[in-house]
There are 2 protein chains.
Amino acid sequence: MSTTKYSRQRESIKEYLYNTKEHPTADNIYMKIREKYPNISLGTVYRNLNLLVAQGEIIKLSTGDGCDRFDGNPLPHYHFICTECSRIQDLDIAPDALNHINRIASAGFDGEIKGHSTFFYGKCSKCK
Amino acid sequence: MSTTKYSRQRESIKEYLYNTKEHPTADNIYMKIREKYPNISLGTVYRNLNLLVAQGEIIKLSTGDGCDRFDGNPLPHYHFICTECSRIQDLDIAPDALNHINRIASAGFDGEIKGHSTFFYGKCSKCK
DNA sequence: TTACCTGCAAACCATTTGCAGATCC
DNA sequence: GGATCTGCAAATGGTTTGCAGGTAA
């Protein structure tokens, strides 16, 4: 198994993700990090994002709109996608609700449900 | 606005999707339809799948594993993805639960939630 | 010193698209 | 006849990867 070494590029990606509420694409992140490290390559961004996802430090959101988005908050939580402007927001839902939903789904299912991932759709406050 | 004409290829795709419980990829569908129409092209499969999705006759599942899957049941329902064997199954959940979940999410949210899409994860009965 | 990491550019691969001819109505 | 559809093959676009040189420990 390989050990992880420090890299200023990765640190910069983490810092950006932990401090934004946007849910940026790899390319968004690439553009942002380039302000500080103009030589960084898109390949490096992808390699680091995949590493951080594998380590559980960030999560990847596959919304199905063509490109993945990334979220610096790895704790289970819900997302809302506006069908008008495509903006993604975090939803503030009690953690109890997560287990509740898993329990609803487990009833009458012969496998073992460990978790779920949900996207809510509709109009955001600005588009409503 | 353009009208839709009959095509035996599209009819064949619909028939296959309405009668399977697998959640096939575009390529799976291509392979299957080729048994009956050996000359069909992958482009035609994609064009028809997109048309059927736009018309609401089937749904597309973006699981984030690299390629989309298609489901001949367009009514709202839930899916379970086995983290061991990647098999996708339909879950049998009361329709009430859907509205219930939308209501939980709507509490304290200033936009308008119209629906949601959920994937449950865990081990299926065979892998457990 | 020796992993691991980076920039670069090419490769990959699911999906889309342009075109000329076929098919439906 | 005219709009829609098809097969084919090339293009697209997000993501991955091979390589040679750089950097952390």
Side-chain angles (χ1 to χ4, degrees), chain A residues 1-17 22-55 57-71 81 86 88 119, chain B residues 1-17 22-55 57-71 81 86 88 119:
Chain A
M1 175 162 172
S2 64
T3 35
T4 302
K5 278 184 188 171
Y6 174 88
S7 108
R8 56 188 112 192
Q9 290 90 335
R10 185 183 316 121
E11 217 51 34
S12 179
I13 291 170
K14 278 168 65 171
E15 194 214 331
Y16 171 46
L17 281 177
E22 311 299 314
H23 295 76
T25 63
D27 200 66
N28 294 154
I29 296 166
Y30 171 56
M31 293 306 198
K32 182 68 184 179
I33 305 300
R34 263 215 307 196
E35 294 174 6
K36 194 168 178 184
Y37 300 103
N39 292 323
I40 196 173
S41 77
L42 192 50
T44 296
V45 171
Y46 273 107
R47 265 186 296 235
N48 279 310
L49 288 172
N50 287 338
L51 182 59
L52 293 170
V53 168
Q55 290 179 165
E57 300 195 55
I58 66 175
I59 54 177
K60 181 178 358 188
L61 306 175
S62 296
T63 63
D65 75 334
C67 56
D68 294 335
R69 290 165 179 279
F70 297 87
D71 188 333
I81 303 176
S86 298
I88 302 185
F119 292 110
Chain B
M1 177 165 166
S2 64
T3 34
T4 303
K5 280 186 186 171
Y6 173 88
S7 108
R8 56 189 111 192
Q9 292 90 335
R10 179 160 57 242
E11 218 49 37
S12 180
I13 290 170
K14 278 167 65 170
E15 194 214 331
Y16 171 46
L17 280 177
E22 313 297 316
H23 296 75
T25 63
D27 200 67
N28 294 154
I29 296 166
Y30 171 57
M31 293 303 196
K32 182 68 184 181
I33 306 300
R34 266 216 304 196
E35 293 174 8
K36 196 170 180 184
Y37 300 103
N39 292 324
I40 196 173
S41 76
L42 192 50
T44 295
V45 171
Y46 273 107
R47 264 186 297 235
N48 279 310
L49 288 172
N50 287 338
L51 182 60
L52 293 170
V53 169
Q55 290 179 167
E57 299 196 55
I58 65 174
I59 54 177
K60 181 178 0 187
L61 306 175
S62 295
T63 63
D65 76 334
C67 56
D68 293 336
R69 292 166 178 280
F70 296 88
D71 187 333
I81 303 175
S86 298
I88 301 186
F119 292 112

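Order of the sequence lines sets the chain letters (A, B, ...), proteins ahead of strands, with each chain counted from 1.
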N/O (side chain, A:Ser7) to phosphate O (OP1/OP2, C:dT6) under 4.0 Å: yes
message: Can you measure A:Asp27 atom CG to D:dT16 atom C1' for me and round it to whole angstrom units?
response: 15 Å
message: By nearest atom, which of the nucleotides D:dT6, C:dC24, C:dC8 is closest to the A:Ser41 side chain?
response: C:dC8
message: With the threshold set at under 4.0 Å for non-hydrogen atoms, list the residues of residues 8-15 of chain A touching DNA chain C in residue-number order.
response: A:Gln9, A:Arg10
task: With the side chain of A:Ile40 defined as its heavy atoms from C-beta on, choose the nearest nucleotide among C:dG7, C:dT6, C:dA3.
output: C:dG7
Report, one pair per line, the protein and nucleotides 16-18 of chain C atoms (nitrogen or oxygen only) whose separation is under 3.5 Å.
{"from": "C:dT16", "atom 1": "OP2", "to": "B:Asn50", "atom 2": "ND2", "distance (Å)": "2.9"}
{"from": "C:dG18", "atom 1": "O6", "to": "B:Arg47", "atom 2": "NH1", "distance (Å)": "3.2"}

- prompt: Does OP1 or OP2 of D:dG22 have a side-chain N or O of A:Asn39 closer than 4.0 Å?
  reply: no
- request: Determine the contact category for B:Thr25: base if any of its heavy atoms lies under 4.0 Å from a base atom, sugar-phosphate if only primed atoms, P, OP1 or OP2 are that close, otherwise nothing.
  value: nothing
field: Test applied, side chain to side chain contact (heavy atoms under 4.5 Å, CB included); reference residue, A:Lys60; option that passes from A:Leu52, A:Asp68, A:Asp71
entry: A:Asp68
- prompt: A:Ile33 CD1 to C:dT6 P: how many Å, rounded?
  reply: 12 Å
Interatomic distance where OH belongs to B:Tyr6 and P belongs to D:dC5 [whole Å]: 13 Å
- prompt: Roughly, in whole Å, what's the span from CG in A:Asp68 to C1' in D:dT15?
  reply: 9 Å
